[in-house]
Amino acid sequence: MSPRTRHSLELVLDNLVWFMLVFVLAVFSIFIPNFFQLGIFANIIEASSVLGVMSIGLALVIIAGHMDLSVESVAALSAMAVGIMFCSSGIGLGLQLHPDWLMVPVSLAIAVAVGAVIGVANGFLIVRLQMSAFIITLASYIWVRGLVLVVSGGRSAQDLAPAIRWFGIQRLAGLPLTAWIAVACFVVFSLILAKTPFGRHLVMIGGNETATFRAGIRVNRNLIIAFVLAGAIAGLAGWLLAIRTSGATANLGVGLLFNAFAAVVIGGVSLKGGVGTLPGVYAGVLLLSAINTAINLMGLPANFTQVIHGLLVLAAVLLDAFKQTIRQRLA
Amino acid sequence: MSPRTRHSLELVLDNLVWFMLVFVLAVFSIFIPNFFQLGIFANIIEASSVLGVMSIGLALVIIAGHMDLSVESVAALSAMAVGIMFCSSGIGLGLQLHPDWLMVPVSLAIAVAVGAVIGVANGFLIVRLQMSAFIITLASYIWVRGLVLVVSGGRSAQDLAPAIRWFGIQRLAGLPLTAWIAVACFVVFSLILAKTPFGRHLVMIGGNETATFRAGIRVNRNLIIAFVLAGAIAGLAGWLLAIRTSGATANLGVGLLFNAFAAVVIGGVSLKGGVGTLPGVYAGVLLLSAINTAINLMGLPANFTQVIHGLLVLAAVLLDAFKQTIRQRLA
Amino acid sequence: FAQSKGTVYYLVPTLLDEFQTGSVSALELFLKQVGYEMKTLNADNKTDAQQSQMNDVIALKPKAIILAAVDFNALKPSVEAARAAGIPVVEFDRQITATPSDFTSVAGTVEIGHIAADQAEALLKAKNGSVKGKILQVLGDPGDPYTLDIQKGFEEKMKAFPDVKIISLPAMQWEASNAGTIVADQILANPDIDLIFSHAAHLSVAAVASLEAAGKRPGDVMLMSSNGAPVGLDLIRKGWLNVEVEQPLYAQAAAVAMFMDKVANKQEIKPGDYDVLGLKSVVTKEAWGPNIKIPGAAITKANVDNPAFWGNQKPPTDTVKSVE
Amino acid sequence: MSEPLLVLDNVAKNYGAIQALKGISFSIGRGEVVALLGDNGAGKSTLVKIIAGGLEPTSGRMLFEGKEFLAKSPAEAKAAGIETVYQDLSLCTNVDVVANFFMGREITHKVLGVPVLDERAMEAVVAKALANAGTRIPSLRTKVEHLSGGQRQAIELNRFVHWGGKLVLLDEPFAALGVEQTRRGLDMIRQVASQGIGVVIITHIMQQAFQVADRIVVIRQGVVAGDVARNKTSPDAVINMITGETLAGAGPAG
Amino acid sequence: MSEPLLVLDNVAKNYGAIQALKGISFSIGRGEVVALLGDNGAGKSTLVKIIAGGLEPTSGRMLFEGKEFLAKSPAEAKAAGIETVYQDLSLCTNVDVVANFFMGREITHKVLGVPVLDERAMEAVVAKALANAGTRIPSLRTKVEHLSGGQRQAIELNRFVHWGGKLVLLDEPFAALGVEQTRRGLDMIRQVASQGIGVVIITHIMQQAFQVADRIVVIRQGVVAGDVARNKTSPDAVINMITGETLAGAGPAG
Ligand SMILES: Nc1ncnc2c1ncn2[C@@H]1O[C@H](COP(=O)(O)OP(=O)(O)OP(=O)(O)O)[C@@H](O)[C@H]1O
Ligand SMILES: Nc1ncnc2c1ncn2[C@@H]1O[C@H](COP(=O)(O)OP(=O)(O)OP(=O)(O)O)[C@@H](O)[C@H]1O
Ligand SMILES: [Mg+2]
Ligand SMILES: [Mg+2]
């Protein structure tokens with residue numbers, strides 16, 4: 001075949017998940033009543049913002065050859081911290097700052113800080129003590145969620161300060177600001193990963209840690225930064241979560257972790273490390289969110305939703321299998 | 001240092017998790033009132049049987065360089081199948097076979113078969129389509145649990161046929177037969193992994209799949225077998241779960257997956273594949289079970305338990321970190 | 001309450017839900033008043049975990065075990081084991097009918113569904129003149145019998161009204177933002193939804209957040225939820241929530257305390273009417289043993305500030321006394 | 001010589017846009033040692049992988065013992081009697097020397113009908129093989145990850161002798177071997193050939209080629225640039241074939 | 001010659017029970033090329049890793065430019081001016097040639113104060129370097145996993161030239177290189193040395209050693225078995241030093 005057709009085909013393959021997304025959306029629009037409307041598409045993007053942000057941090061550590069199971073609990077803890085401080089009812093203390101907008105940076109800073117601290121803990125234990133990231137962050141996953149229970153006493157906070165809620169309500173081009181924040185994060189971190197030495201190093205560490213170590217790259221430092229980033233970003237996700245639910249409950253965010261992993265993998269990131277891009281991950285996130293929304297609109301008996309959900313995810317992934325076969329053809 | 005001391009030290013390190021277990025048990029016995037009694041130790045072993053059996057299958061695929069997230073849901077499905085057929089109340093159909101003992105092999109066969117079928121599906125997709133085991137089995141994790149919801153309608157079955165329940169009640173040397181079944185599984189599969197060509201091949205595949213492929217080992221065949229085994233063993237775990245519960249509930253076994261992973265990793269199996277032994281895994285299982293029991297007996301405010309649990313797991317793992325440092329000394 | 005009469009264990013199914021957390025403090029309070037220490041174990045919604053806890057607690061030989069089962073009937077074997085070991089078992093909040101127990105104090109989840117149905121009927125009639133319209137029912141986890149029973153009760157009563165359409169969707173694992181997504185999507189797909197019924201108040205909070213984000217104001221869509229958590233009451237005060245079906249948490253807990261002496265000492269409990277914190281309650285002898293039923297109530301703007309509602313977080317001042 | 005053992009007929013291989021092999025044709029006789037020479041990136045390893053069943057050719061055909069032949073997998077090639085030593089070593093560094101030596105062909109004895117590994121028997125064989133090759137290894141039970149480059153290559157090189165077969169493909173088998181080990185390796189190859197086994201050996205060291213080979217085949221940029229009997233050529237002549245004139249335009253080619 | 005660049009004083013290394021190095025002492029001068037020879041498993045790579053900061057010696061000391069020296073990590077060694085080419089290639093096969101060539105030392109330009117990779121500049125440098133080395137690579141943007149053994153080694157070997165430094169350690173750098181590439185490599189080493197950079201090169205091919213080295217150091221079973229100026233010895237003599245008489249007792253030791 002001609003180099004040009006080959007080239008364009010390569011392009012399609014490299015961005016397959018995006019084409020999958022379009023395909024899936026098309027199918028849903030045709031077969032699911034009420035699916036095809038701007039509002040729904042806006043919902044898909046809006047609903048994906050928390051998961052999306054969380055997936056960024058997760059993708060970073062996975063690309064660097066490790067993983068972080070604690071992101072879900074970290075997000076919950078950050079959300080709870082924000083909730084307790086800036087909610088006016090439930091267990092909220094209803095903290096007030098003047099001028100009001102001051103609460104935005106402060107709450108954000110708190111959320112991110114909480115996440116970063118746990119990220120430091122994870123990173124330190126994993127890198128310095130050379131422990132398996134899986135088991136360390138699994139422990140964090142448990143004890144951080146436990147911490148949420150402790151600080152909240154199992155109760156919930158609601159009525160987030162309007163100044164903060166504003167991000168969830170105010171819309172720009174039909175999308176709430178929270179969604180735009182997620183998009184912005186993807187743009188920024190995509191650039192960092194693709195264009196800066198730091199990003200390049202993460203990819204190479206994920207590919208061959210020994211090689212990078214021998215080449216004089218400060219592997220430990222980079223890895224710890226990656227874990228801190230993962231934590232901090234999870235904190236941001238928690239902030240968005242609090243805004244979305246206008247407060248925080250003890251079980252907030254339960255189940256996000258698996259979706260984040262699914263999104264990352266569907267997005268083309270290899271769990272072996274060293275392979276993957278963030279735009280792909282965002283496509284994966286949107287794909288999952290689309291599937292969720294579709295299920296909400298299909299109106300099937302409640303106890304069928306989960307099977308359908310699993311099978312749809314599977315289907316989405318199987319599409320990806322074609323990639324291999326087609327590549328074979330090409331070669 | 002003298003070769004002999006070195007040798008014995010190596011021995012300790014290689015079986016560190018067992019020493020950790022003894023250590024932990026000792027500490028608990030000293031500091032937790034009522035912990036030190038045969039009944040409690042029996043409980044620890046009894047409570048660990050389901051988790052233990054499940055961990056065997058998981059460990060096999062992980063050692064072969066892959067993973068299986070579906071084991072938890074598979075166990076639940078098998079349990080539900082057994083529950084629906086042989087339970088006399090709830091959604092149970094109260095199937096009767098004569099002579100009674102016939103129900104034992106039949107129910108067992110059903111449970112194992114259910115698991116094996118799903119194992120085949122996983123294995124086929126992963127090996128033939130060369131998909132990431134993580135994402136395929138993640139999908140299974142979701143849809144299989146969904147299937148449980150569908151067949152059960154979210155309801156539960158109780159009053160398992162006494163002939164089957166018998167395994168959970170009849171005790172041998174203070175332990176219910178279910179516990180002995182788990183122990184037997186560990187013995188058998190430890191031997192298979194360590195002493196047979198099949199086991200050897202799994203380990204080598206986990207170490208370097210290309211090499212084994214080039215050496216003419218039927219990699220795909222071995223891997224599919226591994227996944228089928230994982231499924232079938234999960235089915236057996238489900239059977240034990242049903243016996244333990246004397247029935248099945250829609251969300252039976254939720255959370256076992258994480259514990260299984262923790263046990264496997266604490267047991268010294270590397271998630272990168274190619275490293276690990278089953279006795280170590282059993283030690284890991286007992287360790288986690290001991291921690292759980294300890295927490296139940298400590299009688300601390302309920303909303304602190306989860307934090308404690310996470311931190312104890314962490315502590316258990318950290319002990320493992322010494323291993324590295326000591327090895328350094330040795331070298 | 002001078003010296004302690006001994007320790008009682010409370011096996012709570014989860015602490016990720018305000019009703020359960022509330023039950024811990026309420027039981028602790030009332031049991032103390034009648035002279036018992038209480039220790040709590042949290043099963044995190046895991047049936048098998050709760051079974052292990054039963055086994056372990058049995059080894060501790062407490063005065064009694066108060067069990068709020070993760071799954072209504074799956075703990076049958078454990079209950080039997082405990083009673084065989086001479087430890088009385090009290091069923092709290094979640095009924096176990098498969099095997100006898102020493103005392104049962106539940107609001108009756110199906111009944112909650114019935115009350116909710118009555119309220120829905122009234123609300124729809126008020127809005128649409130007759131009982132017709134669309135209801136979005138946000139369930140909890142589809143694997144949780146608690147939510148399924150409420151659904152059962154609600155739907156069997158609503159059957160009477162053919163032109164009421166009910167859309168039911170589960171918020172997996174009772175997670176709030178799942179509920180938020182469901183509402184956000186449905187409000188677009190079915191703009192004509194009249195009433196949203198969430199099976200827990202904290203789900204309503206997320207629902208409200210989504211409505212707000214969709215530009216709705218209080219009253220545009222009617223809301224109703226069950227279990228009477230504080231968050232629900234706040235939403236009523238704000239005008240978002242029309243009705244909260246309250247579960248009489250305090251009364252349920254008080255009842256357990258009132259009969260604890262009899263339970264612990266294995267004396268029989270006489271059927272009849274009892275006054276529990278001012279609520280008229282009936283003790284009956286059922287196949288599964290003595291059973292006290294305490295009517296749930298519907299909370300509206302009218303009575304929202306009544307301190308009897310546990311959602312107001314004002315534990316009753318008058319102490320409970322053991323039944324003689 | 002009788003009909004050749006293996007005949008390559010215009011074998012070509014593309015990796016995506018890259019033409020690694022543009023059409024290779026030559027043949028190997030029974031008991032013949034062919035040295036396959038060529039510049040880096042000429043396509044030697046690619047060719048070996050195709051014969052060994054690790055890669056599918058884009059076009060062309062092969063005759064093995066006169067019959068049409070195409071191995072879908074290394075297992076098939078092995079079954080047909082083709083042993084291969086790959087350039088990028090293929091050992092499982094997570095297991096010990098013995099396990100690697102017997103990878104996929106473990107010696108077993110039945111216990112209650114179940115095949116059980118016979119470690120002792122295997123260890124004895126390995127010890128003998130490595131002794132003959134003159135390779136010192138601290139302990140046959142050390143994991144391969146703890147071995148030196150040469151020690152690893154020795155394991156891989158000596159495996160094939162043990163299994164014989166009909167055709168042996170050696171992709172730079174001496175690259176990491178010591179002087180003595182290389183000498184013995186070359187002797188071994190001659191012995192193997194004398195048993196009527198065909199041998200293809202890839203190397204970049206001229207003397208090695210001239211010491212052991214009957215025929216020399218040179219590949220340049222995916223085509224056969226020369227195919228001569230050893231005794232009819234000289235190292236310098238071969239080197240010219242390898243480099244060709246094209247080297248002027250060395251460096252990255254589009 | 002002035003004070004030596006690097007002095008090894010009785011450096012020893014144990015891996016658990018295995019004594020890989022029993023006490024090595026020799027020195028390398030500025031601009032001097034030392035060929036480090038030895039049998040498989042003699043301890044050459046171990047020694048290199050110790051100097052390069054990848055391994056901690058069990059005992060012994062080193063002097064670098066007269067000062068006590070012990071690199072805790074490769075980064076430290078690099079900072080001190082020691083460049084290393086490892087025997088087991090250390091490339092990230094998941095990224096392209098350019099990325100590997102500049103691993104850890106990327107060329108960047110600031111954009112709003114943020115360092116951004118300057119791919120064009122880097123690509124130009126790599127193209128030039130590889131052209132000089134006479135290595136053909138389809139495209140500098142192909143991932144290294146798609147390159148041939150020799151092509152990979154070429155990348156690694158040519159990195160160090162670009163970075164110079166004070167001391168260069170080459171562990172069998174030509175093992176996979178073609179004839180022409182090897183020739184150019186040897187020339188390059190002489191050039192590097194002529195700039196006053198010390199070079200340690202490990203190889204199993206006598207001519208290479210005799211072609212490039214000023215001095216030849218032989219290690220046998222972890223001890224220095226010989227340290228002679230090239231022009232005072234002969235390949236055969238060296239080979240005897242390498243193999244020694246001990247070979248009688250070859251095969252698994254210990
Ligand atoms: N998997 C692959 N994908 C793309 N190109 C490849 C792949 N493998 C090899 N190539 C290219 O094919 C050409 C031939 O590679 P091959 O490994 O056969 O060379 P070689 O003759 O073995 O070289 P060397 O002597 O260095 O081992 C090289 O240009 C290489 O870049
Ligand atoms: N990580 C390790 N653990 C244990 N033993 C090791 C380790 N690395 C090397 N050895 C042993 O130390 C000895 C020296 O190894 P080294 O790699 O230095 O040899 P070498 O001289 O480089 O050999 P070659 O010429 O084959 O590369 C060998 O016997 C090897 O088995
Ligand atoms: Mg090659
Ligand atoms: Mg070496």
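Because only heavy atoms are used, hydrogens play no part in the values below, and waters and symmetry mates are left out as well, while side chains stay in. Keep in mind the model is a prediction, meaning the values are calculated, not measured. So you know, we letter chains A, B, ... as the sequences are listed, proteins then strands, and number each from 1.
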The reported gap from CG in Leu69(A) to CZ in Phe261(B) (rounded to nearest 0.5 angstrom) is 9.0 Å
Between Leu314(A) and chain B, with a heavy-atom cut-off of 4.5 Å, which part of the residue counts as in contact: side chain, backbone, both or neither?
both
Under 4.5 Å from a heavy atom of chain A, the part of Leu312(B) involved:
neither
Side chain to side chain, Phe134(B) and Val264(A), heavy atoms closer than 4.5 Å:
no
Winner by heavy-atom pair count (cut-off under 4.5 Å) against chain A, out of Val144(B), Leu271(B), Leu149(B)
Leu149(B)
When the 4.5 angstrom heavy-atom criterion is applied to Leu125(A) and chain B, the contacting part is side chain
Can you give me the closest heavy-atom contact between Leu138(B) and Phe258(A), atom names plus distance?
CD1-CD2, 3.3 Å
Which of the residues Ala262(B), Ser152(B), Ala250(B) is involved in the greatest number of heavy-atom pairs with chain A at under 4.5 angstrom?
Ala262(B)
Give me the atom names and distance for the closest heavy-atom approach of Ala139(A) to Val313(B).
CB-CG1, 4.5 Å
Please give me the minimum heavy-atom distance between Trp143(A) and Val307(B), naming the atom from each residue.
CB-O, 3.7 Å
When rounded to the nearest 0.5 Å, the distance separating CG of Asn259(A) from CD1 of Ile142(B) is 6.5 Å
